[in-house]
Each structure stands twice: as C-alpha cells, then as structure tokens.
Chemist: 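I am attaching a structure below and will ask some questions about it afterwards.
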Amino acid sequence: MSSLSRELVFLILQFLDEEKFKETVHKLEQESGFFFNMKHFEDQVQAGEWDEVERYLCGFTKVEDNRYSMKIFFEIRKQKYLEALDRQDRAKAVEILVKDLKVFSSFNEELFKEITQLLTLDNFRQNEQLSKYGDTKSARNIMLVELKKLIEANPLFRDKLSFPSFKSSRLRTLINQSLNWQHQLCKNPRPNPDIKTLFTDHSCNPTSNGARPPPPTNNPLVGPIPKAGQFPPIGAHGPFQPVVSPSPGAIAGWMSSNSPSLPHPSMAAGPPGFVQPSSAVGFLKHPRTPTGMTGMDYQSADSDHLMKRIRTGQSDEVSFAGVAHTPNVYSQDDLTKTVVRTLNQGSNVMSMDFHPQQQTILLVGTNVGDISLWEVGSRERLAHKPFKVWDISAASMPLQNALLNDAAISVNRCVWGPDGLMLGVAFSKHIVHLYTYNPTGELRQHLEIDAHVGGVNDIAFAHPNKQLCIVTCGDDKMIKVWDVVAGRKQYTFEGHEAPVYSVCPHHKESIQFIFSTAIDGKIKAWLYDYLGSRVDYDAPGNWCTMMAYSADGTRLFSCGTSKEGESHLVEWNESEGAIKRTYSGFRKRSLGVVQFDTTRNRFLAAGDEFQIKFWDMDNMNMLTTVDADGGLPASPRLRFNKEGSLLAVTTSDNGIKILANSDGVRLLRMLEGRAMDKNRCPSEPISSKPLTINALGPASNVSAAIAPTLERPDRGPPAVSISSLGTIDGSRLVDVKPRVAEDVDKIKSWRIPDISDPSQIKALRLPDSIAASKVVRLIYTNSGLSLLALASNAVHKLWKWQRTERNPSGKATANVAPQLWQPPSGTLMTNDINESKPTEESAACIALSKNDSYVMSASGGKVSLFNMMTFKVMTMFMSPPPAATFLAFHPQDNNIIAIGMEDSSVQIYNVRVDEVK
C-alpha cells in the first residue's frame, strides 16, 4: 500500500475514534496491520478475552513467523491453560492442550510433555516452577510485562506501536477544504450553499443575477472552512476535470507506487502541491466514472492496495484496457502437431526449457536431480550433469540433515537466462545451481546457493535495477532475489502463509515487479523494495497456479488446478484486476497439476487428459487436441521454443517427444541436410561455431522460401524471463548447431585408420622444476583445468592451464604449455611412506574429490588427505599393513572414502568422525 493510502487509514482511525466507534477502530487496526494498539491489547489480556486477544494479534503476526511471535502465542495459551486448571475445568484444559498448545510440541517436545503432566496434579502449583503462581489477576499482569517486551523486540511490530502525530479532526478538515474548493469552481456560487451530500461533487444552482458571491464561511461538518484566499484562482487550474475512479481490483494500479508525485484521483485538477503527471501510461489508466456518478474518491491513483477477493466470472467480452488486440488469423499448419523426434531421457522429466537463441537446444531436468542438454535436431545429448552438492562443507546443517535423512532429490525447475549464456536449476531440497553455457554445448559450474529451507519450487531470471538476477521461491514461504555474479541475496519477500509455488518476474515500462503464487491459492505482487506485497487475492482453484505473459509482454495468463482436480486456464484484465476470459475444455477431474505455455502472442497449450490441448488466445473455446501418437501421461509437461515452431512434451516412459509445425519441420530438415553435406565432404573442417540465421540478414545457404519462416513479424520486443512456464525471450537470433545425424557416422569417425599418421598427434612436455622421478599415477581434475601426478618418491605435482588468448577456456590442451603450480608457501604434497619397503615397490593410489578441493593419496604408508589450494595435510590415517591400493570418493559426499587394501579387503572411512567402518 502506498504512503498516501496508509496515511488515509490513520485519518479514518482518528475519525472513528473521535466518533466513538470503538469496535470498528480495533477491527480496522487489526485488518490494516498498520497500528498495534497496546492499550486495547492490555485491556483484552487483563479481561481474559483470549479469543479476541489472538484475533487481534493475528492481524500483525502468526505463530510461526519468528521466535518472538511463537513466544507471544505460547505465553498467552499457557496462561489460558493454567487458568482452566486453576478453575478445575479439566475438560477445558484438555481442549486447550490439544487444540492450542500441541502446535509447540514440534519445537520443544520436552516442554509439551511437562505441560501435559500438569493435568495429573491436584494443583499445578505443586510443580516447582509454578509454585509462585498467585491469583489470576496478578498472573495476567506479570505475563503482560513479558508480552510487552516481546512485542517491542519483534521486528514485525516495528513502526506499528506508535500512532502518527497530526491535528485532531484532520479528515474533516480535508473534506471541508475539498468542499470549499468545489464551491470556488461553481459557475454560479451562492453565498450560503446547502451541502446535503458528499456522494457527488458540490454545485450551486444559478443565482438570479449571475454574480459570484463570496465563498461560504461555514458548513455542516466542522465549522469554518478555510478562506477562499488560501486557494489559487480558478484560472490556475484550467477546466474542471471529472473525478477519476479507479477500480478497486486493478492489478496494474499498484505498479506506480514508486512515483509519489501522482495525485489522488479525486484531485485531478488539484491545487499546487499535487503534481499532475504529464501523461498517463496505458497500463496505469483507469476508466473514468460515468457522468452523473462522480463522487469523492479517497483511493489514490498511486494506490497499490488491491481488493482481497478478485471478481470472477466476468464476461468474455470485457475489454483489455490500454491494449487493443487484433483477432488472431491462423491456419492448422501454425500448430505444433507433428511428432518429429523422440528422445529417451531415462528418468521422469520434471522441467524443460528451450534455449532462447539456439532454437533446437533443449534443457531438461529430472526427478533424480540430473540435468541434460539435448540437440533435438540430431537427437544428441550434448551434456549431462547428475546432481551433487558442489561443496558439502559450505552447506547448511538443515541441508546436510535433509540429504542424510533422504538422499533422493529432484529438479523442480530449470530455466535459461534471457541471453542463453547461463541457466538455473531449482532442486527439491534447499539448493539452486547456476551454470554458464557456451555455444559448443559445454556447461560449467558457476554458483551453488543454499536458497531456501525445504524445496526450491521455482526459479526465474529478472533484471531489477538493470542487473541480472535470479528470483527463487520455496517451501519456507519466501521469495528471494539473488545476483548472479556472486550469489549475494538482494531482497527477501515475506507475506505468503503457505509454501510459494511459482514466481513470474516481469516489467511494465520502467517498473520491475514479481507475481508469486502459493499453494493456498494466494497471488501476491512485489516491487523490488521492502514495503511488502502490493497485491493479495485468490487464484481460481485456490491451489497450485502458475502465471505467464504473452511473448510481447502485454497479456497475462494463469493456469492452475484445485485439490479436487478442477483446472482453470484464464486471461487476466490487469487494469480491472478481474478475469477477462476463462478457457473451456478441461476434464472435470484432472489427474495432476495441469501445465501450460504460451507462444507467438497467439496460442495457448496445456497438457491434460493424456493429450495436448490448444486454444486461440482470443477464443475461450478449445481449438483442437493432439495425442502425439499416444504414450503421454495424464498431465504431460510441455514447452514451446521461442519461435513456437517446436513443442517439447513429456511421455509416460521417461522420454520426450518433439512436435513441430510446418516451420519446425523445415528447420529440422535443413539441419539434417547440413549434417549430410558435412558427411559427404570429410576433407572440409567441421566448424564448431553455430550457424546464425537472421542475425544480420538471410543466411546465404538458406533458401528464400525457408528464411522468412524463421523470423516472425508477430514477435514482440524481448520480455524479461517470467517463470519456468512462460517463454523466455532473448534476441531474435536463431542458432543452429551442425551435428552428425546418425550414430553410425559418429562411430565411423573414430575408427583407428582415421588417426594413422603420427603428424596428427601433438606431443607436449610438461615443465618440471622439481627433482625428476617416475610418474606412477596421473589424473585430470574434474574441471579439466589441471593435471595431477603422483611420483614414485611420494611427491605430487600439479600443472594448471591458464586462460590466454590461445586458450580462452583454460582447459587442458596440448597447444599451450601449463604451469607447474605450487602455493606461495612452497609446500609440497608428500605422502607418508613405509620405511620397511622402498617407495618404488610400494603400491601408489590417488583420488580427487568431485569439486577438486581435496586429494586422497597413498604411497605405501598412511593414507593422506590434502587440501588442493594450500597443499596442507588435513589428516592421515590407516597405518600399514595392509597398505592402501585403491581410493574412491563417494559421488555425493566428499567426506566418505572407499579404500581398497592389499589384503583384498575394502574399508569405508568417514572423514567427519575419523572412523573406519
């Protein structure tokens, strides 16, 4: 809510208090949450009105909000429980124990047991800690002292414990000033006007001689009205404007809250001090009140407070204010109905997203936590990353406990960044992973963020303050914004009362904002500030809902499913805060949460009833259905590419089907043709650089008949990434990566005769300034940036490749010599040796942790664990005999190592507890 609207609530509270509407005052305090009346709270506690005490508190905080709130509710309920025991009302005490106090058992089970045992005592004062409990009145007073301290310390009550200072009867004064101003604007003002209503603007009837008498000196409200001289002359205002009356449910209205200069709409031609905007942006406009219905309107044009319950069931004919949409003209060839590819992922697909520029690169996340990159044109899997915690030592204890209790983890959402150079993955336990991507298909670890307690349910990219960020939401009921450079948290938005299911960042003009939905069906909207939610209303179905904008960013849609299985796909009228159109065609009981996507500012698609359903955005009736040759689950997941020429849909056998329209079919045929041409001309070098089509003009090797189909004139300007449900817009580049079409051709290229000339092999001698010794073990680091050797004298050597113009990736290569690396201290990593046996005859073994931070090694003596950054020994263990002959780190936990011994036994060592099992 804007500052002016907030101040208006305080004016109303003052007015109600002056008029002695005591119950209404406290009800408004509670519902607005702006002012906590400590005197009223104390009176209710001392009177023992416990239900009213909790109702009033709930307007400001809930039990689970923080430790202060939990303590406040506990003390109140404990006092209520003790008073019931003191009255010997055991039945009431049991009811309070089960209904009110049991919620605290999960936080302190021992305390709950102790409270329960009070039921067994004839007098609870027999308990040592309650022996000094006096009578009820004194106990309540003692508790009040503690409650006041807790409330004052609770950050949720900050700035809510004091009522702002302003003159008495301020609302009356403002109304009188407005009436006086209206009287100044009368064409024929009368000396003593009879003002009978505030529901319409004041206007005097014409006087007999048409003269303008002086303004009135009093009115029926509070006496004297400010003198006419206090107001500027009529000419300073220009023509009198009709009052603007915004809809109370407008979605768009809150977005101007960062512009405090906007006036109250009832002062459209107001006096100096209220700056009139030069022009109103389309999405901030509201319909004017019809003639004859203009009235005093206290809602400000910059008000961001929307009605709690949104109007549903609107006519299909409701206009979309500020934006005119021409009817869609389409043909059946525009719909993606033809199955052109089938990909075998191998595990249940949870999320998909096409690359915003390379139209045939598909990102896939699964229920076992792995992600894959597919080139759907060649059916080639470019990359595959199984889940692992990159740095378990930096993980929070809740995450470590969650993984310890249940190692299973799933991808909840995976999305590309707007430029396609980065991707984000949200997992079902705490974690978010960010990878960088280059056009050759390489994924590189960038950031690991312990983002939420519980599951991270959605992730999206956004550009607040012209800085690329990710927006996440989770089971902890929070939305968080992180910068993608260092993973620093920028904002935390709290206000949902249930786990947050999805986020939809977007922008209108220069205003950046986020829509969020929770599993209780609540939709909220947030600006990038600390002023709380600007929108609070219910989504159709009141359960899992996702929101997405059309590609041009002008139309807002949502799709959700209720707990009973009723699905709702709707378009919103942002200006009215109402449902503009509800699309029909869903089965009465959907099996699972229905997923949807938008494309080309033209079509909607949703997975339901073992098929794909299509709608024209401008028509509520379903357009057609496609079963994709069968094999789809009840509610398949689906995703369009940017141009809408390809549609990925999940199958029930852990696969993905790619459907195409006529443009998509031509695109894939063109890729196949290019791959065949490459295979026919092996002497020509194969370029790893993707072909760019329509970047600066038509590609020379693309026919004129194909090129225009790849660049759609109905594509709007790029939009900010909105969520994993909406298409992510980037530039208009369509990148096509040439790939070999058939597996047999790839196998043929690796036959031995292909590398028969020694000149085809490049040799490189690594620089070595340390005493030479025979290399007995050699291993690349997992990142591919370094090479680690273990010599027969038990000394390790590490070579690192640097990023240079000749080697921009920094990867190991024979084209550039690496550097022999040592820490500044000059320390060498040297293994323990067996004095009774020459090192040359001892078994040597070595293993690297998955994040390349640690190396485990042995050269016939004890097993050593080294830090790869400092070369320092972290620990040594397991003296021979028997000696270690093989080492292996656990794939998900660097603290667990398997050790093969020379006596054929295998030992499991846990670094945390320094214990062998």
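All residue numbers in this chain count up from 1 along the given sequence.
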Chemist: Are a donor atom and an acceptor atom from the side chains of Trp801 and Ser786 found within less than 3.5 Å of each other?
Modeler: no
Chemist: Between the side chains of Ser857 and His796, is a donor N or O closer than 3.5 angstrom to an acceptor N or O?
Modeler: yes
Chemist: If you take all heavy atoms of Trp416 and Leu363, which pair is closest and at what distance?
Modeler: NE1-CB, 3.4 Å
Chemist: Taking the six-membered ring for Trp and the full ring for Phe, Tyr or His, determine whether the centres of Phe866 and Phe871 are under 6.0 Å apart.
Modeler: no
Chemist: Do the side chains of His430 and Gln400 get nearer than 4.5 Å, heavy atoms only?
Modeler: no
Chemist: Answer yes if the side chains of Ser773 and Ser792 hold a donor-acceptor pair under 3.5 Å, and no otherwise.
Modeler: yes
Chemist: Does the side chain of Gln345 come under 3.5 Å of the side chain of Thr366 through a donor N or O and an acceptor N or O?
Modeler: no
Chemist: If we ignore angles and hydrogens, is there a donor and acceptor under 3.5 Å between the side chains of Asn367 and Ser410?
Modeler: no
Chemist: Verify the distance criterion only: is there a donor paired with an acceptor across the side chains of Tyr435 and Glu442 at less than 3.5 Å?
Modeler: no
Chemist: Assess the side chains of Thr360 and Glu375: does a donor N or O sit below 3.5 Å from an acceptor N or O?
Modeler: yes
Chemist: Start with the C-alpha distance between Asp370 and Lys385, add both sets of side-chain angles, then the distance that settles salt bridge (Lys or Arg N to Asp or Glu O under 4.0 Å), and finish with yes or no.
Modeler: CA-CA 5 Å; Asp370 57 2; Lys385 298 288 185 182; over 6 Å; no
Chemist: What are the two closest heavy atoms between Asp450 and Ser396, and how far apart are they?
Modeler: OD2-OG, 2.5 Å
Chemist: If every non-hydrogen atom of Ala812 is compared with every non-hydrogen atom of Tyr780, which pair is closest and at what distance?
Modeler: CB-CE2, 3.5 Å
Chemist: Are Ile361 and Trp374 close enough that some pair of their side-chain heavy atoms sits under 4.5 Å apart?
Modeler: no
Chemist: Determine, stepwise, if the pair Met829 / Leu788 fulfils side-chain contact (heavy atoms from CB on, under 4.5 Å).
Modeler: CA-CA 11 Å; Met829 286 191 292; Leu788 180 66; 4.1 Å; yes
Chemist: Determine, step by step, whether Lys429 and Asp406 satisfy the side-chain contact (heavy atoms from CB on, under 4.5 Å) criterion, reporting the C-alpha distance in whole Å, the side-chain angles of both residues, the deciding distance to 0.1 Å, and the verdict.
Modeler: CA-CA 10 Å; Lys429 288 187 176 74; Asp406 182 10; 4.0 Å; yes
Chemist: For Ser428 and Asn412, does a side-chain donor sit closer than 3.5 Å to a side-chain acceptor?
Modeler: no
Chemist: Check whether the side chains of Ser842 and Asn834 place a donor and an acceptor atom closer than 3.5 Å, and report yes or no.
Modeler: no
Chemist: State, to 0.1 Å, how close Met478 and Lys480 come at their nearest heavy-atom pair, and which atoms those are.
Modeler: SD-CE, 3.8 Å
Chemist: Can you name the nearest heavy-atom pair linking Leu778 to Ala789, along with the distance?
Modeler: CD1-CB, 3.6 Å
Chemist: Indicate whether the side chain of Thr650 and that of Arg637 have a donor and an acceptor atom separated by less than 3.5 Å.
Modeler: no
